[in-house]
Undergrad: 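Input: one structure, supplied below.
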Protein chains: 2
Amino acid sequence: MKRSYEELTKELKMKNIRLSHQRLKVLEYLTIHMDHPTVDQIYNGLHKEIPTLSKTTVYSTLSALADAGLVRIINIEDNEARYDIRVADHGHFKCESCGTIYDFQANIDSLTTVDLKRFDIKDKNLYFKGCCPTCLVGKNEASLSK
Amino acid sequence: MKRSYEELTKELKMKNIRLSHQRLKVLEYLTIHMDHPTVDQIYNGLHKEIPTLSKTTVYSTLSALADAGLVRIINIEDNEARYDIRVADHGHFKCESCGTIYDFQANIDSLTTVDLKRFDIKDKNLYFKGCCPTCLVGKNEASLSK
DNA sequence: TTATTATGTTGTAATGATTACAATATTGAT
DNA sequence: ATCAATATTGTAATCATTACAACATAATAA
Ligand SMILES: [Mn+2]
Ligand SMILES: [Mn+2]
Ligand SMILES: [Zn+2]
Ligand SMILES: [Zn+2]
């Protein structure tokens, strides 16, 4: 959900992150594009508005935001990180056919395991892979027409 | 657990994977080293025995074994994939201090979610990050001596 | 066993995401 | 407005992974 500059500014200040035009814009981009964008997508999306933007800045900004807990880094694919403004626990489903990454609710906290009794858990990640409903329809049609 | 060549050969034949010295050795390496090794570790470990081994072969072999479901690729870290001979569902805990990746039991199937009712789920992954008991001891001692 | 063909292996070069770094610009505080 | 601390930028370096072509090996049948 898109948030106002005032809200975003407040969030950055609360986390002691210095204010800058680039950081606000990256943060805003993530609130508008909740589809787990890549660095390239963020960079290209903002490049129109901010022609001087450097990709290095996008990387360093995302790194700072992740350290502060304002964004989450998703490493489902081996080749490219994705970024998520939703930091509350939820699972991710990646469709191997169309590449879309879906959110899903899951009670990850219910997975308490005796094996990790003495471990200090800081971060929990859950992701599934497979085929999404939209792509399943396409596959069924393809097999019918054979 | 280490398995005999006969067992490993049988597993490859069952999956219709052509037999080769390199493939058997990679598979054997994974049964001996269950600590989720990287490609580099596998390559260096086998290089002594097989001086002609190529890193490309390690990659292609692991890719073939993963396609056949004989090994699992773990993408916890953004920079380097790790490989696991344990294909049964289990979770991974990565200690951010020492880098060790621990296995833990977790009933991942209990996480059925209504959000994925119509999805075809092929693969489930669960991983946590934090600090392991061994490293926690070191941290406590460090804070005491301050 | 030998010949034939398909597939695997190897070394090298290319790819591409991420990081390092130094010069410059901006921020926040005085 | 000044100043010190920090952020941004552009470029080059890093490094895991992949592409590819020459060569080697495995499966199959004669
Ligand atoms: Mn998400
Ligand atoms: Mn494991
Ligand atoms: Zn899909
Ligand atoms: Zn540790």
Undergrad: In terms of side-chain geometry, is the basic nitrogen of Arg82(A) or Asp78(B) positioned less than 4.0 Å from the acidic oxygen of its partner?
TA: no

Undergrad: What's Ser20(B) touching, base or sugar-phosphate or nothing? Going by heavy atoms closer than 4.0 Å.
TA: sugar-phosphate

Undergrad: I want to check something: taking the side chain as every heavy atom from C-beta on, are Thr100(B) and His36(B) in contact at a cut-off of under 4.5 Å?
TA: no

Undergrad: How long is the line joining CD1 of Ile50(B) and P of dA24(D), in whole Å?
TA: 18 Å

Undergrad: Ignoring hydrogens, what is the shortest heavy-atom contact between His90(B) and Phe104(B)? Give both atom names and the distance.
TA: CB-O, 3.5 Å

Undergrad: Aromatic contact between Tyr102(B) and Phe119(A), with the criterion being ring centroids under 6.0 Å apart: yes or no?
TA: yes

Undergrad: Below 4.0 angstrom, N of the basic side chain to O of the carboxylate: do Arg86(B) and Asp103(B) qualify?
TA: yes

Undergrad: Please tabulate the protein-to-nucleotide N/O contacts below 3.5 Å involving nucleotides 1-5 of chain D, giving atom names and distances.
TA:
unit_1 : atom_1 : unit_2   : atom_2 : d
dA5(D) : N3     : Arg18(A) : NH2    : 3.2

Undergrad: Would you mind telling me which residue lines up with the more 5' stretch of DNA chain C, Pro51(B) or Leu19(B), judged by nearest nucleotide?
TA: Leu19(B)

Undergrad: Mind checking which nucleotides bracket the chain A contacts on DNA chain C, 5' to 3', with an atom under 4.0 Å from a heavy atom?
TA: dA17(C) to dG28(C)

Undergrad: Counting C-beta onward and ignoring hydrogens, is there a side-chain heavy-atom pair between Leu24(B) and Leu12(B) closer than 4.5 Å?
TA: yes

Undergrad: For Phe93(B) together with Tyr127(B), are the ring centres under 6.0 Å from each other?
TA: no

Undergrad: Report yes or no: do Asn125(B) and His92(B) form a side-chain donor-acceptor pair below 3.5 Å?
TA: no

Undergrad: Among Thr9(A), Leu8(A), Ile17(A), Leu70(A), exactly one meets side-chain contact (heavy atoms from CB on, under 4.5 Å) together with Arg23(A). Which residue is that?
TA: Ile17(A)

Undergrad: Mind calculating the distance between CG (Leu24(A)) and P (dT8(D)) to the nearest angstrom?
TA: 10 Å

Undergrad: Roughly, in whole Å, what's the span from CD in Gln22(B) to P in dA24(D)?
TA: 13 Å

Undergrad: Classify the nucleic acid contact of Thr52(A) as base, sugar-phosphate or nothing, counting any heavy atom under 4.0 Å across all strands shown.
TA: sugar-phosphate

Undergrad: Tell me yes or no: between the side chains of Lys25(B) and Tyr5(B), is some donor less than 3.5 Å from an acceptor?
TA: yes

Undergrad: To the nearest angstrom, how far is Arg23(A) atom CZ from dT9(D) atom C1'?
TA: 14 Å

Undergrad: Could you pull out the closest heavy-atom pair between Asp115(A) and Gln105(B), with the gap in Å?
TA: OD2-N, 2.8 Å

Undergrad: Shorter than 3.5 Å, N or O on both sides, protein versus nucleotides 14-17 of chain D: list them out with atom names.
TA:
unit_1  : atom_1 : unit_2   : atom_2 : d
dT17(D) : OP1    : Ala81(B) : N      : 3.0
dT17(D) : OP2    : Tyr59(B) : OH     : 2.7
dT17(D) : O5'    : Tyr59(B) : OH     : 3.3

